[in-house]
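Report on the structure given below.
Only a predicted model underlies this, so the values are computations on that prediction, with no experimental measurement involved. Throughout, a chain's letter reflects where its sequence line sits, starting with A, and its residues are numbered from 1.
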Number of protein chains: 2
Amino acid sequence: MAETIRDAGFRATKPRLALFSRLTKTSRPMSIQELAQELAGKVDQVTVYRMIDAFKKAGLVREVHLRGVRPKYELTDPRDDHHHIVCTECRKVEDFVGCGAEKMGKEALRQSRSFAAITGHTFDLYGLCKECITK
Amino acid sequence: MAETIRDAGFRATKPRLALFSRLTKTSRPMSIQELAQELAGKVDQVTVYRMIDAFKKAGLVREVHLRGVRPKYELTDPRDDHHHIVCTECRKVEDFVGCGAEKMGKEALRQSRSFAAITGHTFDLYGLCKECITK
DNA sequence: AACTACTTGCAATAAATTTGCAAGTAGTGT
DNA sequence: ACACTACTTGCAAATTTATTGCAAGTAGTT
Ligand SMILES: [Mn+2]
Ligand SMILES: [Mn+2]
Ligand SMILES: [Zn+2]
Ligand SMILES: [Zn+2]
């Protein structure tokens, strides 16, 4: 843990460990505000901004954009690229893996007259969870 | 044009016509700031915020989230769901159509233990345009 | 032309994010 | 263990972005 942070080129300070630790404890991406609130008393909100920004640049954290809410952050999952499915009613968020992005990337390049390479993608699903769909 | 706005339940005011008209003139989604700047002198920025919000709720406009920038807006295209491919170097944005989202939605539902239906999705590609890839 | 509910502009407020800087600390070397 | 120093942090202040209140203006109607 401190190891991971040092490997990324940072000092393993208490605020960084607190943030990193908090992020390992959830599968749900969290906003700056949520993180700052949870770390309140221990870490200043400005520091949360700065840490997230630095972690993002270092590739430790990735930014997730879901409809209608401020950006959220989660630890980068080195194994797979996973995506999110969001309940539009209760805002529940769940991960899912696998997406046809590679194939779609190729198809998009075929369609495009001005693009030459695909390096990344976003893909998120919106729907209703089993609880909300009954209402 | 005024027709479309009235059909959505709004009065066809000059600011609304100006905004709508501007949006029809581009295929590139635009931010509040860009829109306000272009309409400067004619429409107040607060009004841009309010119009975009109302148009969004009415389904005339949709919000597009691309990495690292504030939300952008474009006219809803009722015919197809189109997506965006963004050059990470020069920020060029191009549309592309068709995406395996329906299929992926079904696969995601199969994977999920708590979701029951898919109602929407986002999908965007990032890459390099032909000009930027040479550098 | 008069009426009225819907809209707009402008100022003020609130919320989100960034910046400056002195004080604090992790990692390094002694 | 102690000192050294570059990297970090907290706190206040400044910016930027977004929302709200309200009097004045206007589209659509009678
Ligand atoms: Mn996730
Ligand atoms: Mn588009
Ligand atoms: Zn739900
Ligand atoms: Zn480019």
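- For B:Lys42, there are no side-chain contact (heavy atoms from CB on, under 4.5 Å) partners at least two apart in sequence or on another chain.
- Applying the salt bridge (Lys or Arg N to Asp or Glu O under 4.0 Å) rule to A:Asp44 yields no partners; only residues at least two apart in sequence or on another chain are considered.
- Annotation: proximity of residues 9-19 of chain B to DNA chain D (heavy atom, distance under 4.0 Å) is found for B:Arg11, B:Ala12, numbered in ascending order.
- A:Arg70 meets the side-chain contact (heavy atoms from CB on, under 4.5 Å) test with A:Gln33; sequence neighbours excluded.
- Residues A:Leu125 and B:Ile118 have side chains in contact (heavy-atom distance under 4.5 Å, counting atoms from C-beta outward).
- Annotation: side chain of B:Leu66 is not in contact with side chain of A:Thr122 (no heavy-atom distance under 4.5 Å).
- Environment of CD in B:Gln111: crowded, with over 12 heavy atoms of neighbouring residues, nucleotides or ligands closer than 6.0 Å.
- For the contact set between residues 39-65 of chain A and DNA chain D, defined by any heavy atom under 4.0 Å, the members are A:Lys42, A:Val43, A:Asp44, A:Val46, A:Thr47, A:Arg50.
- Screening residues 22-40 of chain B for salt bridge (charged side-chain N to carboxylate O under 4.0 Å, His left out), with sequence neighbours left out, gives B:Arg22-B:Glu38, B:Arg28-B:Glu34, B:Glu34-B:Lys72.
- With a heavy-atom cut-off of 4.0 Å to chain B, the contacted part of DNA chain D has its first and last nucleotide at D:dT17 to D:dG28.
- Taking the screw axis at each terminus of the helix from C:dA1-D:dT30 to C:dT30-D:dA1 from five consecutive base pairs, the angle between the two is 40° to within rounding of 10 degrees.
- Here the side chains of A:Lys92 and A:Val86 are not in contact, with every heavy-atom distance at 4.5 Å or above.
- Residues forming a salt bridge (Lys or Arg N to Asp or Glu O under 4.0 Å) with A:Glu94 (at least two apart in sequence, or on another chain): none.
- For the side-chain hydrogen bond (donor to acceptor under 3.5 Å, both in side chains) condition, no pair includes a residue of residues 1-15 of chain B, sequence neighbours left out.
- For residues 103-118 of chain A, every residue pair satisfying the salt bridge (charged side-chain N to carboxylate O under 4.0 Å, His left out) rule, not counting sequence neighbours, is listed here: A:Glu107-A:Arg110.
- The salt bridge (Lys or Arg N to Asp or Glu O under 4.0 Å) check on A:Glu63 picks up A:Lys56, with sequence neighbours excluded.
- One can place CD1 of B:Ile32 at 19 Å from P of C:dA15, the figure rounded to the nearest angstrom.
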